[in-house]
Amino acid sequence: MAPRCTRTTERDRSRRVLSQNFLTDPAAVARFVDAARPDPHGLVLEVGAGRGQLTRPLAARCGRLTAYEVDPVAGAELARVCATLPNVTHRQADFLATVAPGEEFCVVGNIPWSLTAAVVRWCLAAPRLRAATLLTQLEYARRRTGAYGRWTRLTVLSWPEFDWRLAGWVSRTAFRPVPRVDAGMLRVERRATPLLPPRALPAYRRMVELGFGGVGGSLAASLAREHPKGRLAAALRASRLDPDLPVGHVWPEQWLVLYRLLHAR
């Protein structure tokens, strides 16, 4: 038997470095675009546009689309696709290095999974972002949306301003090359009306950071560093929270109740 050729091409190396797994299943593409709910009159930024698998259906359902792809090989194919779409602008650039638009916009993309955290941070920091719908590792999307009854610091910190939802999932077999795990459709949407007034957000975030500080292994032990024990105990009882409850098991809605009770005048 002839020895198996194990030589990797430049394209193979590029895919590994850039975490490229292209969504090629038409049914999965349609479901993801439906989950993104593009505004027919609005601006959409597509991150990780690849060879344009999502670009065409997104362009058909939004007002304007800017498609970003950093890989020059995939970008050349993408440029040919964009050239046939009058409402699409192709950007051969790093999405994370761009300045957020000064108008309302949405972000949609089958993003490089190695850059998930960075893309999510970019989206949360963009003042005019309306929503981001991203294909991430299913495990990441589940953790951020409380699927296991546990909530992450980032989700709780941003909860007054953003709704986090798992909008669906996509089998790993819908991608080429096939990744090791399935994908989740993560949707992060800015609330029309924040759950707290803007002036309250810094104090709320300080409380959450304090709670996730890890002192004593429980929410009560962490918050007791800055809040009177009697008032904290009363707030926990009113919120129906066990003082020994691990911080990750506290739901975002309970954090809001705690904040209002601890900061009531």
Side-chain angles (χ1 to χ4, degrees), residues 100 106-107 111 113 115-134 136-169 184-229 231-265:
C106 293
V107 171
I111 63 177
W113 289 354
L115 298 178
T116 299
V119 172
V120 169
R121 285 196 301 269
W122 188 100
C123 292
L124 293 177
R128 302 305 298 274
L129 176 83
R130 189 172 64 81
T133 309
L134 308 171
T136 72
Q137 288 187 350
L138 181 57
E139 178 69 15
Y140 179 92
R142 283 176 169 167
R143 286 191 293 106
R144 290 297 187 208
T145 56
Y148 301 111
R150 294 183 63 90
W151 297 87
T152 67
R153 181 196 311 241
L154 180 62
T155 305
V156 176
L157 280 170
S158 59
W159 192 259
E161 295 178 282
F162 291 94
D163 176 48
W164 296 69
R165 290 190 299 105
L166 178 61
W169 69 281
M185 301 181 191
L186 175 65
R187 183 167 174 84
V188 185
E189 187 170 356
R190 188 182 298 275
R191 301 184 190 279
T193 303
L195 302 178
L196 290 173
R199 65 179 182 277
L201 291 175
Y204 169 82
R205 292 174 185 141
R206 284 196 300 272
M207 185 192 74
V208 173
E209 292 285 7
L210 182 67
F212 275 90
V215 174
S218 70
L219 175 66
S222 295
L223 294 182
R225 288 179 290 166
E226 290 191 9
H227 296 281
K229 291 185 178 180
R231 186 168 189 174
L232 175 59
L236 291 170
R237 286 196 302 271
S239 305
R240 299 186 178 182
L241 287 170
D242 185 335
D244 296 325
L245 187 70
V247 66
H249 289 268
V250 181
W251 286 56
E253 294 84 357
Q254 293 172 313
W255 280 101
L256 289 169
V257 172
L258 273 177
Y259 171 80
R260 293 182 179 114
L261 292 171
L262 290 174
H263 293 80
R265 294 184 178 179

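From a predicted model like this one, the values you see are computed outputs, not experimental measurements.
Of all heavy-atom pairs spanning A141 and T145, the tightest one is O-OG1, 2.7 Å. In this structure, P127 and R190 approach most closely via the heavy-atom pair O-NH2, 3.4 Å.
Rounding to the nearest 0.5 angstrom, the gap separating the OG atom in S218 from the CG atom in L245 is 8.5 Å. Atom CG of L223 and atom CG of L232 lie 5.5 Å apart (nearest 0.5 Å). Distance check, rounded to the nearest 0.5 Å: CD of Q137 to CG of L186 gives 12.5 Å. The CG atom of L258 lies 6.0 Å from the CG atom of L219; values are rounded to the nearest 0.5 Å.
Every residue meeting the side-chain hydrogen bond (donor to acceptor under 3.5 Å, both in side chains) condition with R150, not counting sequence neighbours, appears here in chain and number order: H249. Contacts of R142 classified as side-chain hydrogen bond (donor to acceptor under 3.5 Å, both in side chains), with partners at least two apart in sequence or in another chain: none. Residues satisfying the ring-ring contact (aromatic ring centres under 6.0 Å, His included) test with W251, not counting sequence neighbours, are W151. Listed by chain and number, the residues in a side-chain hydrogen bond (donor to acceptor under 3.5 Å, both in side chains) with D163 are R165 (sequence neighbours excluded). Under the side-chain hydrogen bond (donor to acceptor under 3.5 Å, both in side chains) criterion, W164 pairs with S158, sequence neighbours left out. Not counting sequence neighbours, the partners of E226 by the side-chain contact (heavy atoms from CB on, under 4.5 Å) test are L210. Residues satisfying the ring-ring contact (aromatic ring centres under 6.0 Å, His included) criterion with F212, sequence neighbours excluded, are W255. H263 is linked by a ring-ring contact (aromatic ring centres under 6.0 Å, His included) to H227, Y259, counting only residues two or more places apart in sequence or in another chain.
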Exercise answer: donor-acceptor pairs, residues 235-242 side-chain atoms, under 3.5 Å, sequence neighbours excluded:
unit_1, atom_1, unit_2, atom_2, d
S239, OG, A235, O, 2.8
D242, OD1, D244, N, 2.9

What pairs of donor and acceptor atoms, side-chain ones from residues 191-203 against any protein atom, are under 3.5 angstrom apart with sequence neighbours left out?
unit_1, atom_1, unit_2, atom_2, d
R191, NE, W159, O, 2.7
R191, NH2, W159, O, 3.1
R191, NH2, F162, O, 3.3

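Among pairs with a residue in residues 121-134, those fulfilling side chain to side chain donor-acceptor pair (under 3.5 Å) read T133-R187, at least two apart in sequence or across chains. Every pair passing side chain to side chain donor-acceptor pair (under 3.5 Å) that includes a residue from residues 203-215 is listed here, sequence neighbours excluded: R153-E209, E161-R205.
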(message) Using the rule given for side chain to side chain contact (heavy atoms under 4.5 Å, CB included), can you reason through L154 versus L124, listing the C-alpha separation, both sets of side-chain angles and the distance that settles it, and then say yes or no?
(response) CA-CA 10 Å; L154 180 62; L124 293 177; 3.6 Å; yes
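Defined by atom type and a distance below 3.5 Å, a donor-acceptor pair is missing between the side-chain atoms of T155 and R144.
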